[in-house]
Amino acid sequence: MEAICEDNLDKDEVRERFGCVIGVKDVSFSVAEGEIFCIMGLSGSGKSTLIRHVNRLIEPTAGKVLIEGIDINGLNAAALRELRASRIGMVFQNMALMPHRTVRDNVAFALEVRGADRAGRRAVADRAINDVELGGWEDRYPDELSGGMQQRVGLARAIAADPHILLMDEPFSALDPLIRRQLQTQFMRLAAELRKTTLFITHDLDEAIRIGDRIAVMKDGVLIQTGTPEQIVTEPADDYVAEFVSGISKLHLVTAARIMEPLAKWEAKNGPYRADGALSAAPDATLDRLAELSIETDEPLAIKADGRVLGIVTKKALIRGIQGRSVEEAEV
Amino acid sequence: MAEDKSLNLLDPFTAIDLGIADWADGIKDWASANRDTIQPAKRAINDIIVGIDDIFQAIPPVVMILIIALLAWQLAGRRVGVIVVVALVALGLLDPRAWSLAMTTLAIVLSSVFVCMVIGLPLGILTAKSERLQTLLRPVLDTMQTIPAFVYLVPVVMLVGIGNVSGIIVTVIFALPPLIRLTALGIQQVDGNVVEAARAFGASPRQIMLKVELPLALPTIMAGVNQTIMLALSMVVIASMIAVKGLGNEVLRAMGRLDAGMAIVGGLGIVILAVVLDRISQGVAQTGRERGHRHWWEAGPVGVVLRAMRGPKAATQIAARSSAQAGKLQDITGPDKNEKGVNT
């Protein structure tokens, strides 16, 4: 193990020398309370392995996981079970509902395991079921539900015990696109309401951008880049990430502040700027909004904050921005 | 003879005698040396079996048919209930003595199956969890299933003497393997994702076993129980060679006398008993949901009685309850937060 860390071997070298595979290596990040942190990577990138370390479904060979300041690797079996039952909720890609239990009994499982009484369990479960809009289905069995509904049961099960942390292991990947979008919307509404600290695994960058406050991109067990959706899309750390984000629409992600030319620079090139008559937008306006304004006028757009012009967005810069290229890069 | 004893490299086996047969024969001496410890245990077990037999004999056949039929209806549905009644009446009509003999056989078979379950279920669960035990147990189970019953008949009789207890031992040796195998198989086949989910929500290994693995493995385990019952029944004739009474003994005696009629009566009796036990145990393996109801108490004779007791009020009550539920929900969720804290 030390040899691997010290020599900084990569995946293939380790496999050759020790006959085992690195799942996750040298990954360090922290998630703030109430934040939705997406981990994006293709299959085999180690993201599911990573998330299973957080509740110790997989024991780490080395390294630490701290939850609210406590090193969970130091917990004994009983404390670990208590942590899993009361503080961490998990949603699985394959739903993993218990086919022999009704929806209500599935949702109440964490409470049942902790020894909650029947009436309390029922009330909590029914509320969680209502939260995911499955009221009326409490006494049905999982196989009587559609895939989307089953995953809503999975979500209800995860939030029923009112945990602080949600682990979502590709929860919507197995669903068809329309249902997936519905569930994403529902999840975002629920997340805004409940403010759970969420670790969200996905292989879908669109999903990560839509849901995540921050995104980490993972490849071969290593984190390549961590940042806000806008950072990931506009400043990809390497070609791998760049290739990923190339197909992503920038319209709703990139803001005016990023593509505008600072006023001083613009004036140096084009002479003094006369603000009168030009349409203006705030620095955090999206490209979509700028495009909307740009249709109305032939003049460049002024980006204003507190009544002061900060920079200028020309039509050219706007179109390049939508393409995902900067003006300079395109002119070279 | 002298040249036979010399070692011939091409045919070495005739000259080598490791004395395995003599060594195995030593079991007789061991048994007679430990007679005082074996006999009291044997007598106690025998008393239990005879007690069960006495109870079965004391119950009038019509009452017994009713009991078994109600049991079958509850456990396996109405159709099986009807089949059981027809089969048992046919059994009684076979011969004036058939019913009494069948009850003796039933007592022995049920005792054997009970012993098999006591040994087989825990062993099956352990086997499912331990690769090593499985490798260790596999040749033993293979031996138990394939070795001719006559081989262990003699040592068992040497050890505990003839009678019901030996009969049960012999039956268990033959009937136990499928239960162990199918219990292990059932548990190993449980979806690993579901077990992982149970772990992720804080279930202990014990809770995972009781709340997830065993319920999901139940159909396979019940198939094992069913197989064990069938194998136990197929042993009754052989067991009758060591003085176990019942239908098997009829067949054995008929063979001795070349009495075809008597053999057919005994044989048919065994077959009918097999049909009855098979249908009931297979019905148990089906979940209630497959037969179209949610809880076991909603179906069968218990369901009929409960519905009759509640009367027509029940239907209106249920409707009222579900409509009230929506209104009540907010009241319930309020104080509930505190309750949860107490339970942690």
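These numbers were taken from a predicted model, which means no experiment stands behind them. No hydrogens, no waters, no symmetry mates; every other heavy atom, side chains included, goes into these values. Reminder, nothing fancy here: chain letters follow the sequence lines and each chain counts from 1.
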Can you run down the ring pair (Phe, Tyr, Trp, His ring centres under 6.0 Å) pairs that involve residues 116-135 of chain B, sequence neighbours left out, and say none if there aren't any?
none

Tell me, please, which residues at least two apart from A:Ala78 pass side chain to side chain contact (heavy atoms under 4.5 Å, CB included).
A:Asn76, A:Arg81

Residues A:Phe92 and B:Ala200: closest non-hydrogen pair is CZ-CB, 3.7 Å

Sub-4.5 Å side-chain heavy-atom contact between A:Glu112 and B:Lys211
yes

From CG (B:Asn193) to CE (A:Met95), nearest 0.5 Å
11.0 Å

Does CZ in A:Arg181 sit with more than 12 non-hydrogen atoms of other residues, nucleotides or ligands closer than 6.0 Å?
no

Set of residues satisfying side chain to side chain donor-acceptor pair (under 3.5 Å) with respect to A:Arg56, sequence neighbours excluded
A:Glu59

Nearest non-hydrogen partners of A:His100 and B:Leu216, listed with the distance
ND1-CD2, 3.4 Å

Between A:Arg84 and B:Phe201, is any pair of side-chain heavy atoms under 4.5 Å apart?
no

Turns out that what part of A:Arg157 lies under 4.5 Å from chain B's heavy atoms comes down to both

Between B:Val194 and A:Leu97, the two heavy atoms sitting closest are CG2-O, 3.5 Å

What residue in B:Leu218, B:Val212, B:Val195 has the most heavy-atom pairs under 4.5 Å with chain A?
B:Val212

Using a heavy-atom cutoff of under 4.5 Å, enumerate the residues of residues 47-55 of chain A that contact chain B, numbered in order, or state 'none'.
A:Arg52, A:Asn55

Answer with side chain, backbone, both or neither: which region of A:Leu167 has an atom nearer than 4.5 Å to a non-hydrogen atom of chain B?
neither

Does any heavy atom of chain A fall under 4.5 Å from the side chain of B:Glu196, the backbone, both, or neither of them?
both

